[in-house]
Amino acid sequence: CNEGECGACTVIMDGKPVNSCLVLAVEADDSDVMTVEGLGKNGELHPLQQAFLDEGAVQCGYCTPGMILGAYAMLLKNPEPSNAEIIDALEGTLCRCGSYNRIIQAIQTAARAIRGGIS
């Protein structure tokens with residue numbers, strides 16, 4: 001869309017979340033790019049993906065990849081975030097269903113699982 005308004009297209013590029021709609025292909029050349037599909041291993045969901053399902057944070061699914069990858073990037077830097085830190089990290093990723101409380105809960109659930117050694 002070349003707008004960067006919703007964050008739904010977030011990917012991790014060279015370790016940082018970016019809106020893919022704002023990145024030209026030439027800018028991604030030689031970069032490490034991970035999509036939400038790259039989180040799982042050996043057919044297993046990543047704890048963030050599983051927590052979104054378990055906590056009912058997946059409604060229409062439009063924002064889910066952006067929310068999960070934004071949270072993933074945040075958890076790499078801050079494995080024990082407060083709710084306010086989660087909100088700050090996901091600023092700019094819009095949930096059209098208004099499931100923000102469930103999304104925050106899912107991220108907290110995943111953070112606990114990751115700290116507990118499930119990754």
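Please read these numbers as outputs of a predicted model, since none were measured by experiment.
At a threshold of 4.5 Å between non-hydrogen side-chain atoms, the residues His46 and Lys41 do not count as touching. Looking at heavy atoms from C-beta onward, Cys21 lies out of side-chain contact with Glu3 at the 4.5 angstrom threshold. Side-chain contact check for Thr109 versus Asp54: every heavy-atom pair is 4.5 Å or farther apart. Counting only heavy atoms from C-beta outward, the side chains of Ser31 and Asp14 approach each other to under 4.5 Å.
Taken together through direct or relayed side-chain contacts under 4.5 Å among Ile, Leu, Val, Met, Phe, Trp and Tyr, Ile107 and Met34 form part of one hydrophobic cluster. By the rule that hydrophobic residues join a cluster once side-chain heavy atoms approach within less than 4.5 Å of another member, Met67 and Val33 end up as members of separate clusters. Hydrophobic clustering keeps Leu48 apart from Met13 (ILVMFWY residues linked when any side-chain heavy atoms are closer than 4.5 Å, directly or through intermediates). Two different hydrophobic clusters hold Leu45 and Val11 under the rule that ILVMFWY side chains link at heavy-atom gaps under 4.5 Å. Hydrophobic clustering of Ile, Leu, Val, Met, Phe, Trp and Tyr side chains at less than 4.5 Å, counting indirect connections, keeps Tyr62 apart from Leu53.
Separating the CD atom in Gln108 from the CD1 atom in Ile103 is a distance of 13.5 Å, to the nearest 0.5 Å. Taken from CG in Asn2 to CG in Asn19, the straight-line distance is 11.0 Å, to the nearest 0.5 Å. Here the CZ atom belonging to Arg102 is positioned 9.5 Å from the CD atom belonging to Glu55, to the nearest 0.5 angstrom. Here the CD-CG distance, from Glu44 to Leu39, works out to 13.5 Å after rounding to the nearest 0.5 Å. The distance from atom CD1 of Ile68 to atom CD1 of Ile12, rounded to the nearest 0.5 Å, is 11.5 Å. Note that CG of Leu75 is 10.5 Å distant from CD of Glu85, once rounded to the nearest 0.5 Å.
With hydrogens and angles disregarded, a donor-acceptor distance shorter than 3.5 Å links the side chain of Arg115 to the backbone of Pro79. Here the side chain of Gln49 pairs a donor or acceptor atom with the backbone of Val36 at under 3.5 angstrom. In this structure, Tyr100 contributes its side chain and Cys95 its backbone to a donor-acceptor pair below 3.5 Å.
Among residues two or more places apart in sequence or in another chain, the ring pair (Phe, Tyr, Trp, His ring centres under 6.0 Å) test is passed with Phe52 by none.
A pairwise comparison of heavy atoms in Thr93 and Gly7 identifies CG2-O, 3.9 Å as the closest pair. Cys63 and Ala8 get closest at one heavy-atom pair: CA-CB, 4.5 Å. Summarising the geometry of Pro81 relative to Ala111, their closest heavy-atom pair is CD-CB, 4.2 Å, with the distance given to 0.1 Å. Taking both residues in full, the closest heavy atoms of Ala110 and Pro47 are given as CB-O, 3.7 Å, listed atom of the first, atom of the second, then distance. Here the shortest heavy-atom pairing between Pro17 and Thr10 reads CB-CG2, 3.9 Å.
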